[in-house]
Protein chains: 2
Amino acid sequence: MASQRGEGETTATPLEPADRERARAIPEAAVARLAVYLRVLSGMADQGVTAVSSEELSQAAGVNAAKLRKDLSYIGSYGTRGVGYDVEVLVSHIERILGLTRNHSVAVVGIGNLGHALANYGGFPGRGFPVTALFDVDADLIGVPVGGIPVSHIDDITAVCLEREVSIGVIATPPPAAQSVCDRLVSAGVQCILNFAPVVLQVPDNVEVRKVDLAVEMQILSFHVARRADEAASVSAGIVSAGNNGLGVDGMVIRP
Amino acid sequence: MASQRGEGETTATPLEPADRERARAIPEAAVARLAVYLRVLSGMADQGVTAVSSEELSQAAGVNAAKLRKDLSYIGSYGTRGVGYDVEVLVSHIERILGLTRNHSVAVVGIGNLGHALANYGGFPGRGFPVTALFDVDADLIGVPVGGIPVSHIDDITAVCLEREVSIGVIATPPPAAQSVCDRLVSAGVQCILNFAPVVLQVPDNVEVRKVDLAVEMQILSFHVARRADEAASVSAGIVSAGNNGLGVDGMVIRP
DNA sequence: TACCGCTTGTGAACGCATGCACAAAGTCGG
DNA sequence: CCGACTTTGTGCATGCGTTCACAAGCGGTA
Ligand SMILES: NC(=O)c1ccc[n+]([C@@H]2O[C@H](COP(=O)([O-])OP(=O)(O)OC[C@H]3O[C@@H](n4cnc5c(N)ncnc54)[C@H](O)[C@@H]3O)[C@@H](O)[C@H]2O)c1
Ligand SMILES: NC(=O)c1ccc[n+]([C@@H]2O[C@H](COP(=O)([O-])OP(=O)(O)OC[C@H]3O[C@@H](n4cnc5c(N)ncnc54)[C@H](O)[C@@H]3O)[C@@H](O)[C@H]2O)c1
């Protein structure tokens with residue numbers, strides 16, 4: 001791989017060419033897990049833990065130990081064989097790879113039920129994602145401070161986003177308005193969008209969209225309920241079930 | 001397993017043997033997309049569209065047409081070659097596979113900022129996921145109706161969940177309380193959990209957990225911002241980007 | 001210093017998902 | 001009834017991600 005080049009093996013803190021190479025090669029799925037590891041590690045650091053093994057960390061993060069090590073290997077070799085990883089070191093390297101060494105200003109569009117919750121949420125600023133702009137169309141909301149920030153009119157989105165250097169836009173409007181809001185955000189130069197509206201957004205290639213779709217999540221859960229019910233029905237109907245993975249039978253049956 | 005009480009309940013799902021076989025084999029990723037197709041199709045049906053081709057539907061759902069056809073093939077062959085799919089037919093079959101022919105009662109735990117938004121949200125009941133129970137520890141909230149449903153005390157969770165046949169539990173408490181709440185839900189027989197708290201939940205094998213982690217979503221977006229910034233820096237520094245085909249063409253330096 | 005036990009990092013195999021390409025199967029016009 | 005055209009359903013190749021298994025490397029110990 002990239003490390004087989006055997007070229008330079010330096011260790012600088014900021015952006016190193018070798019890391020650029022690596023960052024491009026990190027699988028999307030691994031990036032999501034790195035964020036989880038980071039949170040677990042931060043929690044450990046807060047509790048005074050200074051070192052951790054891949055086994056411990058993987059347990060805490062709910063993943064396979066081998067997968068964790070492979071994920072970490074994507075960002076470099078920062079462990080010590082026979083010992084484990086230094087928590088602080090790992091935290092700083094994951095933060096660097098995830099681009100968390102700088103703040104990312106967030107704008108929330110649509111200050112209704114969900115928008116209010118997001119604007120009031122304290123978890124974002126603490127993690128380097130300060131909410132710096134709020135937008136809505138409702139005249140009654142304009143100027144009203146929510147979570148300490150006054151709501152701006154959606155028509156001012158371009159000016160405000162540029163002025164406050166918004167890098168992430170969060171869409172919490174009703175579905176019909178989502179695409180239009182998205183287009184405006186893109187026009188304002190926002191290249192990252194987090195969408196809560198149950199709508200498939202169309203965006204140019206240079207814009208990254210992630211969606212949080214609660215209805216879909218619910219339906220996936222529903223699917224599993226149904227599948228389970230069917231399996232149970234199959235068993236009771238005498239149909240031989242094939243792929244049942246072995247698991248400890250812990251009597252969970254509760255009879256009221 | 002959990003809801004064996006009602007014999008007839010609502011419309012009992014007609015379980016066809018062939019579908020059982022199929023449902024077990026549907027890839028997880030395809031299930032998530034089926035939910036999206038369903039929403040798009042429902043929207044089309046509302047607008048009076050009766051037939052649709054895989055090309056049209058895939059465009060609207062933002063996926064590859066071949067992938068869409070493969071996804072649909074997991075649930076059976078309900079299209080007409082040379083014509084396309086009947087919207088109504090497709091809707092009903094996807095609903096059946098996803099287990100949406102019956103209602104899934106939802107309980108929300110933690111009626112703070114987010115819990116209020118969820119309880120007030122009209123999108124769930126309309127899609128077969130009625131919110132029937134709310135829980136909190138805050139004495140000031142107990143008995144207060146939110147979105148039409150009075151908040152119950154968390155200590156009554158087992159009794160209330162059984163009584164209202166809750167099949168999906170939503171956790172919207174602060175992180176430290178999440179695991180404890182989760183355990184209580186599991187004890188109450190809830191086998192599907194949607195978790196908003198930034199915590200890795202430990203559950204028995206027979207419980208399905210899905211998490212919605214906004215911090216992780218933000219950090220994934222942040223990663224892409226950083227990657228992009230690095231790429232731009234690389235280009236301006238004269239480093240050749242090997243982005244598109246994975247072929248590093250050396251010697252070609254583009255200088256503005 | 002030499003050895004021992006422990007944990008990392010990774011090559012390699014495997015399995016799942018994606019996308020292509022095309023035969024099969026239908027419609028429609030004549 | 002036929003032949004041209006359209007679109008589905010799917011076998012297959014490809015690529016990505018996960019898991020296994022183990023050599024390499026490090027700290028501790030005698
Ligand atoms: N509330 C939830 O728990 C929840 C859950 C899942 C999904 N969602 C989705 O999130 C979105 C918001 O939900 P909500 O419950 O907060 O809705 P809401 O109706 O309470 O709030 C929507 C807000 O968007 C504003 N708005 C409408 N058009 C706008 C536009 N063009 N530009 C800017 N602002 C505009 C409205 O004035 C309103 O304040 C919806 O798409 C909903 O489907 C919400
Ligand atoms: N608000 C957001 O936009 C947002 C965004 C992302 C993640 N989250 C996460 O969602 C969760 C809830 O966020 P929030 O902003 O609504 O918090 P909040 O503090 O406003 O509400 C939490 C509620 O949970 C209740 N609670 C505490 N312990 C409980 C227990 N043991 N049993 C039952 N109820 C209990 C509290 O009384 C309170 O009403 C948090 O974990 C947060 O990290 C929230």
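Note that these values count all heavy atoms, side chains included, but never hydrogens, waters or copies made by symmetry. Bear in mind that the values here come from a model prediction, so they are computed numbers and not experimental data. Here is how names work: the chains are called A, B, and so on, in the same order as the sequence lines, proteins then strands, and each is numbered from 1.
Closest approach of B/S222 to A/G99, counting heavy atoms only: OG-O, 3.2 Å.
A salt bridge links A/R210 with A/E28: the closest approach of a Lys/Arg side-chain nitrogen to an acidic carboxylate oxygen falls below 4.0 angstrom.
Of the candidate nucleotides C/dA17, C/dT27, C/dT18, C/dA17 has the atom lying nearest to any side-chain atom of B/P27. In this structure, the nucleotide among D/dC26, D/dC22, C/dT18 sitting nearest to the side chain of A/R69 is D/dC22. Comparing C/dT8, D/dC20, C/dC20 against the side chain of B/N64 picks out C/dC20 as the nearest. You'll find that the side chain of A/S77 is closest to C/dG9, out of C/dG9, D/dT18, D/dC20.
Rounding to the nearest 0.5 Å gives a distance of 9.0 Å between CG of A/L98 and CD1 of B/I220.
The side chain of B/Y85 places an N or O atom within less than 4.0 Å of a non-bridging phosphate oxygen (OP1 or OP2) of D/dG9. A sub-4.0 Å separation between OP1 or OP2 of D/dT8 and a side-chain N or O of B/S54 is present.
Look at OH on B/Y78: it is 16 Å from P on C/dG26, rounded to the nearest Å. At whole-Å resolution of the value, CG in B/D86 and C1' in C/dG26 are 15 Å apart. Between the C1' atom of C/dT7 and the CG atom of A/L90 lies a distance of 14 Å, rounded to the nearest Å. Separating the CD atom of B/E56 from the P atom of D/dT7 is a distance of 8 Å, rounded to the nearest angstrom. In this structure, NZ of B/K67 is placed 17 Å from C1' of D/dT10, rounded to the nearest angstrom. Atoms CG (B/L72) and P (D/dT8) sit 9 Å apart, rounded to a whole Å. Rounded to an integer number of Å, the gap from A/L68 CG to C/dG9 P is 10 Å.
Only one option out of A/V109, A/L114, A/V199, A/N195 pairs with A/T173 in a side-chain contact (heavy atoms from CB on, under 4.5 Å); it is A/V109.
Applying the 3.5 Å distance criterion, the base of D/dT7 shares no donor-acceptor pair with the side chain of B/R81. Looking at A/K70, its side chain has no donor and acceptor atom pair within 3.5 Å of the base of C/dG9.
Map A/E28 and A/T80 each onto its nearest nucleotide of DNA chain D; the residue landing nearer the 5' end is A/E28.
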Evaluation steps, side-chain contact (heavy atoms from CB on, under 4.5 Å), between B/R39 and A/D213: CA-CA 11 Å; B/R39 190 173 52 225; A/D213 194 324; 2.6 Å; yes
